[in-house]
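Read through the structure below, which is laid out as structure tokens, and then see the notes.
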Amino acid sequence: MSDPLRIAYLQEDTDLSGGVRVVMAQADALIARGHRVTLVNKGLPMSWRQSEAEWLHPGDFRDVDLTPFDFVIGTFWTTVRTAYELAGPRAIHLCQGYEGAFSFYEQQRPEIDAVYSLPVPKFVVSRHLAEICRGFTSNVTFVGQIVDDEFFREPVAREGETLRVLLAGAAQIDLKGIDDGYDAVAHARWLGASLELVRVSPWAPSAAEPLEYVQDFRVALPVHEMTRLVHSCDLFIGPNHSEEGFGLPAAEAMAAGIPTVLTRIPSYLSFHEVADYALFADEGDAEGLGEQLAVLAEESDLRAQIRQRGSAVAEQFRSGLAAERIESDLMARRDLLRSGG
């Protein structure tokens, strides 16, 4: 390998989120391949996940000298323009979901689209995002998603009298479909399924959540505790809406050998060309999700089949695969920049 890459990721904060976790996972995977990565983050020091990267905590990104870095990666729409202004042709846009589709950014969509239209190459974690991003620019590279290694394990059924079903995500974010998840579990119980509902969220429960139907509610778990919680469950339900950029908790559940029930949305369907790794229902169809959940709860042989296929499909989310794609792309781009291309 030629001299190591020097990469800076620009992040607004260190709040607990899948998007922040993925950036740190990419950083660690690239460091493992011999590169130098710095996380330039305006938030507080990280407390819920470890990373081997160097950290800078400026009040303003413009306070950091970014000239030594081969590439500067904007990790959210709010940081991409800054990366472009400070690094020019060395800027990269990491897209984990098209923010212009999110309801809470509806008023800012023109500004978001203007950012997406900048002449900045895009890295996407899901193949369906590549199609969206090509509506703004042709310079789009699929790098894939990363699930932390500790989630992966041999598929082992933890069969008990009452199966534990995991519903993950903040109820306050409508695209997570948490209301549908509650209704789906209620419908599965009405159909006769014996289920314990396990909820995990980065935030405290919303006032509207029916907590009386939850047997185990966890908030803001560090990664190692999240891993233990996932491994304690028997089923996973992903009721996410089509705006979801990837759906990391579903991939983590599959890696952990947990059978899943998912909505039939582009991000989940992009996991594999054959949709045999989960049971599916339409977005917003809580009864359909509940019916599929009840089927999984009833049929142990089907659970074993979905568990095996899900685990196999999740192998694509190993950290080294994404790091290899990122490395290959950035090495070629650096050679081109050094040659004056």
Salt bridge present between Arg36 and Glu54 (N-O < 4.0 angstrom)
yes

Are any of the side-chain nitrogens in Arg338 or Asp3 under 4.0 Å away from the carboxylate oxygens of its partner?
yes

Test side-chain contact (heavy atoms from CB on, under 4.5 Å) applied to Ser17 - qualifying residues, sequence neighbours left out:
Val20

Using the test side-chain contact (heavy atoms from CB on, under 4.5 Å), find all partners of Asp276 that sit at least two apart in sequence or belong to another chain.
Val274, Arg309

Looking at Asp329 and Arg325, does any basic side-chain N land under 4.0 Å from a carboxylate oxygen?
no

Name the one of Arg218, Glu209, Gln215 that satisfies side-chain contact (heavy atoms from CB on, under 4.5 Å) with Arg199?
Glu209

Contacts of Asp28 that satisfy side-chain contact (heavy atoms from CB on, under 4.5 Å) - sequence neighbours left out
Ile31, Arg49, Ser51, Glu52

Sequence neighbours excluded - salt bridge (charged side-chain N to carboxylate O under 4.0 Å, His left out) pairs with any residue from residues 73-94:
Arg62-Glu85

Salt bridge between Asp148 and Arg318, side-chain N to carboxylate O under 4.0 Å?
no

Would you confirm whether Trp48, through its side chain, and Thr14, through its main-chain N or O, come within 3.5 Å as a donor-acceptor pair?
yes

Would Arg127 count as a cation-pi partner of Phe142, with NZ or CZ less than 6.0 Å from the six-membered ring centre and within 45° of the ring normal?
yes

Salt bridge (charged side-chain N to carboxylate O under 4.0 Å, His left out) partners of Arg228, counting only residues at least two apart
none

Quick check on side-chain contact (heavy atoms from CB on, under 4.5 Å): which of Val120, Thr75, Thr79 does His93 satisfy it with?
Val120

Before accepting this row, confirm whether a basic side-chain N of the pair Arg303/Asp234 lies closer than 4.0 Å to the acidic partner's carboxylate O.
no

Would you please say whether a donor-acceptor pair under 3.5 Å links the side chains of Thr263 and Asn240?
no

What salt bridge (charged side-chain N to carboxylate O under 4.0 Å, His left out) pairs are there with at least one residue in residues 235-261, not counting sequence neighbours?
Arg21-Glu252, Lys176-Glu244

Does Arg6 pair with Asp70 as a salt bridge, N-O distance under 4.0 Å?
no

Does any donor atom in the side chain of His35 or Glu327 lie under 3.5 Å from an acceptor atom in the other side chain?
yes

